[in-house]
Structures are given as structure tokens and as C-alpha cells.
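Values below: all heavy atoms of this structure, side chains included; hydrogens, waters and symmetry mates excluded. Naming: A, B, ... by sequence-line order, numbering from 1 per chain.
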Number of protein chains: 2
Amino acid sequence: MATELTAAGRYSIGETARRTGFTMDTLRYYERVGLIDGVERGPTGQRRFSEDHLGWLDILKCLRDTGMPIEQMCRFAELVRTGDETIPARITLLTAHEQAVAKRIADLESQRAHINGKIDYYKSVAAGE
Amino acid sequence: MATELTAAGRYSIGETARRTGFTMDTLRYYERVGLIDGVERGPTGQRRFSEDHLGWLDILKCLRDTGMPIEQMCRFAELVRTGDETIPARITLLTAHEQAVAKRIADLESQRAHINGKIDYYKSVAAGE
DNA sequence: CTAAGACCTGGAGTGGACTCCAACGCAAAC
DNA sequence: GTTTGCGTTGGAGTCCACTCCAGGTCTTAG
């Protein structure tokens, strides 16, 4: 029963999928499009994700789940890869995204009120029967 | 200069698009899949949307923009078409959706906090340089 | 008379983000 | 020594919700 951990802090793609919530296919896809890099390989060519990768995947998940398109995530990944001199650019990118998320939340809130209004209307009709 | 309004409260597809924010193509598509019905036609076969349609489209927009899939909107449309005895079912459907929206908002809020944490981290790094 | 503008139809095409597949490579288990 | 499990690849396929297109019809303007 081989442990999923091959070396300290290095995870197989299956274990990484399990830990991050991405599928193995998605992890491979992300690597292909350049969202993940520096993935080492074991002696038989199998991917070994590091602890850092898990952290990075966590950020990607957050960005993806808040609606950032892959292309923009790629731009962010590129900045991270380039070095510390891109930190202001990263702040700009993330801030813009955060604003977009804030707007999305506000929109959802007003739409939610709209839906609740509709529910209340139906309830009043149902009660009036 | 023909007014866009052909008869009291009846709108051409172009005017309906302008008023609802859907494209003409989307309106035709929604009619095809059964999300809109009872659209009358003028003498030359052109669609005439009523005031009621505008109201309905407003609800559809709200549901769509909060992430309800077309299929579920169709189920809702079906209920509305069927009659008042489906009001409890409509309440159930909308309530479930409202819950989903509430969850989405909560998720976005925590993800937003995560993003802000990252921004703050970058700011501290930038300040420390 | 012609051209523009709004609309019609059926059906094909698009974009984004995966998701699946066939055929293969290893390694451990029985 | 073959089956099981986990992984590999390149490329094709899927899903959703539109979106676009060709070719046609009317009406109105110049």
C-alpha cells in the first residue's frame, strides 16, 4: 500500500485532485494552458505536485469560483512567474477582480430581493385562495 | 417614422430587446425553447410582445442572471402556464433558487475576503521592499 | 424604381471550460 | 503471470447558452 506521498510534500495527481477539488483532467488542462508550471515528474513520468502547487491551486480555485476567466488567470500566473517587480501589477489585477466580485454580490443581493418579492406575492395569492 | 408601438402595449421584437436587455436572437431562442409563449403576430408575421411579456421577461432575466439554468426556467414557465394550482410548486421552486442564491452570495463573500487577504499580503510585500 | 430598415425562418457555428477516450506504461498484489 | 490501479499522451467530444447567417418578406423613404 504505497502512500500517496512520494517525497516530502510531493503529491500525485490523484492526491492533488482529492485535496484541491479539481479533477485530474482539469489539473492536466491547467498545466497545458500555462496556469500551473514547475510540475516535476517521478521516474515513470508521473506528475509530482508540491506544497506550493497546492497553495497556488487554492488561489486559482478562488479566482475561478469567483468568475475570473482562464485567460485572466493566465495573465496573473504570468505575473507571478515573472518576479517580485510585478507585485504592483498583481495588486491592480486582483483589486479589479475584487471590485467585480463586490459588484456581483451587490447585484445578486438585489436580484435575491426581487425573487423574494415574487415568493411573497405567490404566498399572498395562495393565502387569498 | 412608424412608432415602435403597433397597438396598445404591443411591442416589436426590436423594441422588446431594447427594453429588456435581451437580444432579438435570444428572445427568439427563448420562444423556441418554450420560455416565452403566447406571442402574437402582426399581419406580416412579425412578433408582438405584450406588456405581460415584458413583465415575464423581467423575471426570466432575474432568474437567468442569478444562474438558473434554462431547463429549470422552462419548468417554472410550465408551472406558470398550467394555472393557479401550481402556485405552491412555484413557491417551492423559487424558494430553492433563492436559497441557492443566498449560498452563492455567502460563498462569494468568503472568497472575496480571501482575495482581499492576498491583496493585503502583496501590499505588505510591496511596502517592505 | 431602388434602396434601406426591420423582421422572418431553419439551421449551422461559437466560446469557454472542461471532460472523455483509446492506447499505452509501470508496479504491486494475488 | 495476469489483473488491478494509477498514471501517461494527444486529440476529440460535450455542454450550455446563445449567436450568426443566408436568403426571404414587407414597408416606407427618397
**Asked** Can you list every pair that meets salt bridge (charged side-chain N to carboxylate O under 4.0 Å, His left out) and has a residue in residues 111-128 of chain A, with sequence neighbours left out?
**Response** A/Arg112-B/Glu98
**Message:** Using a 3.5 Å distance criterion without hydrogens, assess whether the side chain of A/Trp56 forms a donor-acceptor pair with backbone atoms of A/Leu35.
**Reply:** yes
Interface polar pairs with nucleotides 22-27 of chain D, N/O, under 3.5 angstrom:
none

**Distance in angstrom units between A/Met24 CE and D/dT8 C1', rounded** = 10 Å
**Asked** Got a sec? Which of residues 27-41 of chain B come in under 4.0 Å of DNA chain D, heavy atoms?
**Response** B/Tyr29, B/Tyr30, B/Arg32
Acceptor/donor pairs from residues 88-96 of chain A side chains to any protein atom, 3.5 angstrom cut, sequence neighbours excluded:
residue : atom : partner  : partner atom : Å
A/Arg90 : NE   : A/Thr86  : OG1          : 3.0
A/Arg90 : NH1  : B/Tyr122 : OH           : 3.2
A/Arg90 : NH2  : A/Gly83  : O            : 2.9
A/Arg90 : NH2  : A/Thr86  : OG1          : 3.1
A/Thr92 : OG1  : A/Pro88  : O            : 3.0
A/Thr95 : OG1  : A/Ile91  : O            : 2.6

**Prompt:** With sequence neighbours left out, what residues match A/Arg47 under salt bridge (charged side-chain N to carboxylate O under 4.0 Å, His left out)?
**Reply:** A/Glu31
**Message:** I'd like to check the side-chain hydrogen bond (donor to acceptor under 3.5 Å, both in side chains) partners of A/Glu40; sequence neighbours left out, ordered by chain and number.
**Reply:** A/Arg10
**Fill in**
Note: contacts of residues 55-77 of chain A with DNA chain D (heavy atom, under 4.0 Å) are none
**Request:** Report the residues that fulfil salt bridge (charged side-chain N to carboxylate O under 4.0 Å, His left out) with B/Arg104, sequence neighbours left out, ordered by chain and then residue number.
**Result:** none
**Fill in**
Quick note, ring-ring contact (aromatic ring centres under 6.0 Å, His included) partners involving residues 13-41 of chain A, not counting sequence neighbours, are A/Phe22-A/Tyr30
**Message:** Under the rule for salt bridge (charged side-chain N to carboxylate O under 4.0 Å, His left out), what residues qualify as partners of A/Asp84, not counting sequence neighbours?
**Reply:** none
Listed pairs under 3.5 Å, donor-acceptor, residues 66-78 of chain B side chains, sequence neighbours left out:
residue : atom : partner : partner atom : Å
B/Thr66 : OG1  : B/Cys62 : O            : 2.8
B/Thr66 : OG1  : B/Leu63 : O            : 2.9
B/Thr66 : OG1  : B/His97 : NE2          : 2.7
B/Glu78 : OE1  : B/Arg81 : NH1          : 2.9

**Prompt:** Does OP1 or OP2 of C/dC8 have a side-chain N or O of B/Arg47 closer than 4.0 Å?
**Reply:** yes
**Asked** Is A/His53 reaching over with its side chain to a backbone N or O of A/Ser50, donor-acceptor style, under 3.5 angstrom?
**Response** yes
**Message:** When you measure from the side-chain N and O atoms of A/Thr23 to the phosphate of C/dC18, is any distance below 4.0 Å, counting only OP1 and OP2?
**Reply:** no
**Request:** Please name all residues satisfying salt bridge (charged side-chain N to carboxylate O under 4.0 Å, His left out) with B/Asp58, sequence neighbours left out, ordered by chain then number.
**Result:** none
**Prompt:** Rounded to whole angstroms, how far apart are CZ on A/Arg48 and C1' on D/dG7?
**Reply:** 9 Å
**Selection from C/dT19, D/dC20, C/dC7 that lies nearest to any side-chain heavy atom of B/Asp25** = D/dC20
